[in-house]
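The structure under discussion appears below in the form of structure tokens.
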Amino acid sequence: MKKTGIGVVLFLALTALAGRAHTAEAPPPQYPGPYPVDLKVGEILRVCNTGEILCPVVHRICDDLKVVDVVDTPDGLGFRGIAPGTTLCAASGAEGPRRVFRINVR
């Protein structure tokens, strides 16, 4: 009976430690809500360099193409500020979640 009790305690302790080790290796949570970006007119956000999505980018969209233009850069997808204003743009790779950017162009 004592051996069974020790085995159960040992099993529970190892399970708890394994859960903590897994939690410690989990990636940090993403920014809650749209990722804020400030650009000047003519400036380009190189999306793949932000680390917010897995590249290469497969899907991309912007709400207002009068404020931001979607461009190709040597580093992959870019959002270029073309007129003052604010808009939402989103991008995603073949894997991983879609990321929304709130782009404010000054």
Side-chain angles (χ1 to χ4, degrees):
M1 184 97 164
K2 285 187 175 182
K3 288 184 180 181
T4 304
I6 293 172
V8 171
V9 171
L10 183 59
F11 173 76
L12 292 174
L14 290 174
T15 303
L17 289 174
R20 285 186 183 207
H22 179 68
T23 304
E25 294 173 7
Q30 286 191 335
Y31 191 90
Y35 185 83
V37 176
D38 286 317
L39 296 176
K40 295 177 185 174
V41 172
E43 188 176 8
I44 297 174
L45 169 69
R46 288 173 171 79
V47 176
C48 291
N49 291 352
T50 66
E52 290 296 313
I53 63 171
L54 297 174
C55 291
V57 173
V58 177
H59 303 287
R60 58 186 182 251
I61 188 169
C62 286
D63 288 345
D64 191 349
L65 293 176
K66 295 177 185 171
V67 176
V68 173
D69 191 16
V70 178
V71 297
D72 289 322
T73 73
D75 300 318
L77 172 70
F79 294 128
R80 179 177 50 161
I82 56 174
T86 302
T87 190
L88 294 175
C89 293
S92 65
E95 296 182 16
R98 174 181 65 131
R99 190 66 172 124
V100 178
F101 298 86
R102 179 179 307 281
I103 302 176
N104 181 39
V105 180
R106 307 178 253 115

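What you see is a predicted model, and the numbers here were worked out from it, not measured in a lab.
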### Remaining members of the apolar cluster that contains Leu88, side-chain heavy atoms under 4.5 Å
Val100

### Query
Would one find more than 12 heavy atoms of other residues, nucleotides or ligands at under 6.0 Å from atom CZ of Arg106?
yes

Non-hydrogen atoms of [X] and [Y] that approach each other most closely:
| X | Y | value |
| --- | --- | --- |
| Ser92 | Arg98 | CB-CA, 3.6 Å |
| Cys48 | Gly76 | SG-CA, 4.4 Å |
| Val41 | Pro84 | CG2-CD, 4.1 Å |

### Query
Taking only residues two or more places apart in sequence or in another chain, which ones pass salt bridge (charged side-chain N to carboxylate O under 4.0 Å, His left out) with Arg46?
Asp75

Within-4.5 Å side-chain heavy-atom neighbours: [X] and [Y]:
| X | Y | result |
| --- | --- | --- |
| Asp38 | Pro36 | no |
| Ile44 | Phe79 | no |
| Glu52 | Val47 | no |

### Task
Determine whether Ile82 and Phe101 fall in the same hydrophobic cluster, where Ile, Leu, Val, Met, Phe, Trp and Tyr are linked whenever their side-chain heavy atoms lie under 4.5 Å apart.
no

Which donor-acceptor pairs under 3.5 Å do side chains of residues 60-68 form with protein atoms, sequence neighbours excluded?
{"residue": "Asp64", "atom": "OD1", "partner": "Lys66", "partner atom": "N", "Å": "3.0"}

### Task
Identify the residue among Val37, Ile103, Asn104 that makes a side chain to side chain contact (heavy atoms under 4.5 Å, CB included) with Thr86.
Asn104

### Query
In a check of side chain to side chain contact (heavy atoms under 4.5 Å, CB included) between Leu77 and each of Asn49, Val58, Leu45, Val70, which one passes?
Val70

### Query
From Glu95 CD over to Leu54 CG, what is the distance, rounded to the nearest 0.5 angstrom?
7.0 Å

